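Here is the structure we will look at.
Start at 1 with the first residue, then count along the sequence. Predicted, not measured: the structure shown is a model, and the values here were computed from it.
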Amino acid sequence: MFDPRDTLAADAPTPSGPASTLEASGKREFNKLHKRLRRQVGNAIIDYGMIHEGDRVMVCLSGGKDSYTLLEILRNLQRNAPLAFSLVAVNLDQKQPGFPEHVLPEYLEGIGVEYHILERDTYSVVKEKTPEGKTTCALCSRLRRGSLYGFAEEIGATKVALGHHREDILETLFLNMFFGGSLKAMPPKLLSDDGRNMVIRPLAYCREADIAEFARRMEFPIIPCNLCGSQPNLQRQVVKEMLAEWERTHPGRLESMFKAVTNVAPSQLADRELFDFAGLEEKQARLQADRIDILNE
């Protein structure tokens, strides 16, 4: 694995179009933003052991701001890291009506990244199977995951990189608490249920606002999701707005909440499988016996 400090001297990417004519102060701010994202991604990789020597990392590229940013930061780290790993971008073309099929191939060929476009008509399946008035997210996500995980094996990818950021993780935490009755979120590193795929989320430490600003400065060719993004009253959107309001009224609250996700005290919760509450009396007896032995010495 590599130390993100080894990459901080690297040049920041050059924004295209109007961004390239930024005044000196604007360029300095962009460089600071880029270094912050690069440092946070590097720290997440180190902390969770995400990437190792010889890894082939499949970057799932949706055409949104998060996955574009993920690919760009990983490319930058790859050029400067003291270990060798390869990147391959994969887009799942779900056959949504009006999807601009030319955008991602043109972009990826332009920056010289190996890529694959995986065509699966999950759009028709989701529309057919989802009852009227219900959200498509759960089924769409399940189908998308299955397709991408299977393809990762086909191309020999050792890691599957997803573009989820800090707010995505916190939103999932509250969605599970509010609607699922469970205390869980998105881990930065995950072994799939069948044990075949190692999933990593290198943007786990990154703020969505920073990613959005980076994507704007870089002028990535964003492709909006017309399948799920246009649905009204999404529970995730409600939670997103709640968290944004908390951050506006209490700056730093999201940072504190994310730290809580990484600092869990099982004995202070109530999961009987995670902590042996029934055995506390036995533990107390052992501690008391040890205390008496010490006093008698």
Side-chain angles (χ1 to χ4, degrees), residues 1-10 12 32-60 65-87 145 149 152 157-174 176 182-193 195-214 243 247 252-269 271 274-275:
M1 293 182 294
F2 59 90
D3 189 329
R5 291 170 296 187
D6 295 335
T7 69
L8 293 182
K32 286 169 58 178
L33 171 63
H34 178 252
K35 286 181 179 180
R36 180 163 64 251
L37 288 171
R38 191 170 57 206
R39 182 178 63 252
Q40 289 168 339
V41 170
N43 285 337
I45 291 172
I46 291 293
D47 290 348
Y48 293 94
M50 293 184 183
I51 297 177
H52 297 79
E53 178 75 33
D55 268 340
R56 179 168 168 80
V57 181
M58 186 179 101
V59 181
C60 298
K65 68 182 190 312
D66 306 327
S67 58
Y68 274 124
T69 298
L70 173 62
L71 177 61
E72 180 59 36
I73 298 297
L74 287 179
R75 288 178 67 229
N76 189 269
L77 291 175
Q78 180 192 37
R79 289 193 295 268
N80 300 280
L83 55 76
F85 65 93
S86 60
L87 298 172
R145 237 184 354 254
Y149 286 6
T158 57
K159 301 288 170 60
V160 178
L162 304 179
H164 297 121
H165 47 68
R166 184 190 70 175
E167 278 82 348
D168 285 326
I169 293 172
L170 290 176
E171 287 162 17
T172 303
L173 173 69
F174 282 95
N176 283 319
S182 61
L183 190 60
K184 63 181 181 179
M186 293 175 172
K189 185 178 181 181
L190 172 73
L191 180 63
S192 62
D193 291 340
R196 294 180 177 179
N197 298 101
M198 190 67 70
V199 180
I200 60 174
R201 296 183 170 98
L203 297 180
Y205 291 171
C206 300
R207 297 169 61 244
E208 183 176 15
D210 282 347
I211 293 170
E213 178 63 11
F214 183 76
L243 295 180
E247 187 66 12
R253 177 172 286 187
L254 296 193
E255 182 65 26
S256 179
M257 288 193 296
F258 185 80
K259 286 181 180 177
V261 175
T262 70
N263 185 24
V264 178
S267 65
Q268 306 303 302
L269 297 173
D271 190 324
L274 193 62
F275 186 80

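We find the OH-CG distance between Tyr149 and Asp193 to be 8.5 Å, quoted to the nearest 0.5 Å. Taken from CG in Leu83 to CD in Gln78, the straight-line distance is 10.0 Å, to the nearest 0.5 Å. To the nearest 0.5 Å, the span separating OG1 on Thr69 from CD on Glu213 amounts to 10.5 Å. To the nearest 0.5 Å, atoms CG (Asp66) and CG (Leu162) are separated by 11.0 Å. Between the NE2 atom of His165 and the CG atom of Asp168 there is a distance of 3.5 Å, given to the nearest 0.5 Å. One distance of note links CD1 of Ile169 with CE of Met186; it measures 7.5 Å at 0.5 Å rounding.
The side-chain heavy atoms of Gln40 and Asn43, taken from C-beta on, include no pair separated by under 4.5 Å. Leu243 places a side-chain heavy atom less than 4.5 Å from the side chain of Met257. In this structure, Glu167 and Leu170 have side chains that are not in contact, with every pair of non-hydrogen atoms separated by 4.5 Å or more. Side-chain contact between Thr158 and Val57: absent, with no pair of heavy atoms (C-beta onward) separated by less than 4.5 Å. By the 4.5 Å heavy-atom criterion applied to side chains, Leu203 and Ile211 are counted as neighbours. Annotation: side chain of Leu74 is in contact with side chain of Ile45 (closest heavy-atom distance under 4.5 Å). Residues Phe174 and Asn176 have side chains not in contact (no heavy-atom distance under 4.5 Å, counting atoms from C-beta outward). Glu208 has its side chain within reach of Lys65: a pair of non-hydrogen atoms, C-beta onward, lies under 4.5 Å apart.
Panel note: side chain Lys189, backbone Gly49; a donor-acceptor pair is recorded below 3.5 Å. The main-chain N or O of Leu254 is found under 3.5 Å from a side-chain atom of Glu247 such that the two form a donor-acceptor pair. Side chain of Thr172 to main chain of Ala185: no donor-acceptor pair is present (N/O by atom type, distance under 3.5 Å, no hydrogens or angles). A donor-acceptor pair is defined here as one N or O able to donate and one able to accept, closer than 3.5 Å; such a pair exists between the side chain of Arg201 and the backbone of Pro187. No donor-acceptor distance shorter than 3.5 angstrom exists from the side chain of Asn263 to the backbone of Lys259, with no hydrogens or angles considered. No donor-acceptor pair closer than 3.5 Å links the side chain of Asn76 to the backbone N or O of Glu72.
Shown here is Arg253, whose CZ atom has more than 12 heavy atoms of other residues, nucleotides or ligands within 6.0 Å. By the neighbour-count criterion of 12 heavy atoms within 6.0 Å, atom CG of Asp271 is densely surrounded, having more than that number from other residues, nucleotides or ligands.
When all heavy atoms of Met50 and Ala44 are compared, the pair lying nearest together is CE-O, 3.6 Å. Scanning both residues, Phe275 and Pro266, for their nearest heavy atoms gives CB-O, 4.0 Å. Closest approach of Val41 to Cys206, counting heavy atoms only: CG2-SG, 3.9 Å. Smallest separation of non-hydrogen atoms from Phe258 and Arg166: CD1-CG, 3.6 Å. Nearest heavy atoms, Cys60 versus Val160: SG-CG1, 3.6 Å.
Below 30°, between 30° and 60°, or above 60°: for His34 and Phe214 the angle between ring planes is below 30°, a parallel geometry.
Salt bridge status for Arg207 with Glu255: absent, with no side-chain N to carboxylate O gap under 4.0 Å.
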Pair Leu183, Leu173 - check side chain to side chain contact (heavy atoms under 4.5 Å, CB included), show working. CA-CA 7 Å; Leu183 190 60; Leu173 173 69; 3.8 Å; yes

